[in-house]
Amino acid sequence: MNNRVGVVIVAAGRGSRMGTPESKQFLLLRDKPIFIHTLEIFAAMPEVDEMVMVTGAEDVERCQEWIRQYRIGKDVRVVAGGSERQHSVYRGLSHLQADWVMVHDGVRPLIQPELVRSCLETAMRTGASVAAVPVKDTVKQVNGDGIITATPDRRSLWSIQTPQTFRLSDLLRAYEKADQEGFLGTDDSMLVERLGIPVTVVQGSYKNIKITTPEDLDMAELWVKTEGEDIR
Ligand SMILES: Nc1ccn([C@@H]2O[C@H](COP(=O)(O)OP(=O)(O)OP(=O)(O)O)[C@@H](O)[C@H]2O)c(=O)n1
Ligand SMILES: C[C@](O)(CO)[C@H](O)COP(=O)(O)O
């Protein structure tokens, strides 16, 4: 057996852009904490063999309690994260024994199993994958004085999401190198790209949003209300 799949759900951020006293991953989306929706999707998938959730050290116990209360259908190991997303992912990885790892943001609760499957199949075929959507707006590069310095060709621009899927050995190597070199990236793929490993983009969904600011939560509420459970 060399295709075991592990999932790391990162939920150790503060959610400062949400502006609530409670960390955003614990806010309710309809009737449940946001991160519970995310865990439910992965826990229900037969392809997933191991699950690790990373949260703040002070939140480990209450997350374990929520996981029991909502009867998440798989064992989820809850571990403490670090000060940056990258540190949290790295800590999560050290608890996996799987061959493949999918890293997913706990605050992307509208992820659909079909997209997870597609990311996994693509990674197993090509070596590494990330979910992404083509950008819809024109994107400008702007300098410190607010002056436009470049307009990249939109046809080559994608907005990157999670899941991001890799061989566990590759991702560990990428994280070790970044750690040794003091490199801090904003997603997992950046670290793997630095190893020279090609990462394939999988067409994601515009609804697989990262709940970051209050209007994202309003949008997610609306979609769940109008489209029912299948949206999440
Ligand atoms: N030290 C951190 C920072 C972020 N994350 C997680 O990474 C995901 C994406 O990060 P982001 O949306 O930026 O979350 P926050 O850092 O919480 O938000 P903010 O930047 O507004 O504080 C979230 O699920 C978040 O909980 C994490 O596990 N550990
Ligand atoms: C990983 C990610 O969700 C891909 O879009 C994103 O880069 C996380 O960034 P953030 O700065 O933690 O919001």
Side-chain angles (χ1 to χ4, degrees), residues 7-27 29 32-42 51-60 62-63 66 76-96 101-111 115-116 119 128-136 139 157-166 171 174-175 178-179 183-194 199-217 219-220 232:
V7 173
V8 173
I9 304 288
V10 277
R14 271 296 306 123
S16 50
R17 287 169 285 179
M18 184 60 80
T20 48
E22 177 66 287
S23 298
K24 64 184 176 183
Q25 56 272 29
F26 306 129
L27 299 178
L29 170 58
K32 292 174 212 166
I34 288 173
F35 83 94
I36 290 288
H37 290 269
T38 311
L39 289 181
E40 283 179 343
I41 291 291
F42 286 91
M51 286 181 70
V52 173
M53 175 183 160
V54 188
T55 194
E58 64 290 358
D59 295 316
V60 169
R62 65 174 175 150
C63 285
W66 269 313
V76 181
R77 183 153 188 182
V78 185
V79 302
S83 59
E84 300 289 340
R85 181 185 183 280
Q86 186 169 317
H87 304 140
S88 296
V89 174
Y90 200 11
R91 290 190 189 179
L93 295 179
S94 66
H95 295 275
L96 289 180
V101 56
M102 308 192 84
V103 181
H104 188 68
D105 294 329
V107 293
R108 290 189 192 266
L110 303 184
I111 182 68
L115 177 54
V116 177
C119 290
S129 77
V130 296
V133 284
V135 299
K136 294 183 192 177
V139 175
L157 295 176
W158 291 69
S159 192
I160 301 302
Q161 308 180 336
T162 63
Q164 304 204 351
T165 308
F166 312 93
L171 194 57
Y175 267 81
D179 189 44
F183 177 84
L184 202 57
T186 52
D187 76 344
D188 313 290
S189 177
M190 276 175 85
L191 310 194
V192 172
E193 291 157 41
R194 294 177 83 241
V199 180
T200 305
V201 157
V202 173
Q203 174 94 41
S205 159
Y206 287 103
K207 290 184 178 166
N208 180 24
I209 55 171
K210 181 164 73 65
I211 295 182
T212 306
T213 52
E215 58 273 21
D216 297 328
L217 188 51
M219 217 47 234
R232 48 114 251 151

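We use all heavy atoms of the structure for the numbers below, so side chains are in, but hydrogens, waters and symmetry mates are not. Order of listing sets the numbers, starting from 1, for every ligand and every atom in it.
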Table of N or O contacts for ligand 2, cutoff 3.5 Å:
from, atom 1, to, atom 2, distance (Å)
ligand 2, 3 (O), D105, OD2, 2.6
ligand 2, 3 (O), R108, NH2, 2.9
ligand 2, 5 (O), R108, NH2, 3.1
ligand 2, 5 (O), I160, O, 2.5
ligand 2, 7 (O), T186, O, 2.6
ligand 2, 13 (O), R17, NH2, 3.1
ligand 2, 13 (O), K210, NZ, 2.5

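How far CZ of R85 is from OG1 of T186: 8.5 Å, rounded to the nearest 0.5 Å. To the nearest 0.5 Å, atom CD of residue Q203 and atom SG of residue C119 are 11.0 Å apart. Of the inter-residue distances, the one linking L27 atom CG with M18 atom CE reads 6.0 Å to the nearest 0.5 angstrom. Between the CD atom in Q25 and the CD1 atom in I9 there is a gap of 12.0 Å [rounded to 0.5 Å]. Atom-to-atom distance recorded for I111:CD1 and M102:CE is 8.0 Å, nearest 0.5 angstrom. One finds the CG atom of L171 at 9.5 Å from the CG atom of L96 (value rounded to the nearest 0.5 Å).
For ligand 1, the 4.0 Å heavy-atom shell takes in V10, A11, A12, G13, R14, G15, S16, R17, K24, G82, S83, E84, R85, S88, D105, G106, V107, K210, ordered by chain and residue number.
Side chains of S205 and K207: a donor-acceptor N/O pair is absent below 3.5 angstrom, by distance only. A donor and an acceptor atom, one from each side chain of E22 and T20, are nowhere located under 3.5 Å apart.
Using modelled atom types, no side-chain atom of Y175 and backbone atom of H87 make a donor-acceptor pair closer than 3.5 Å.
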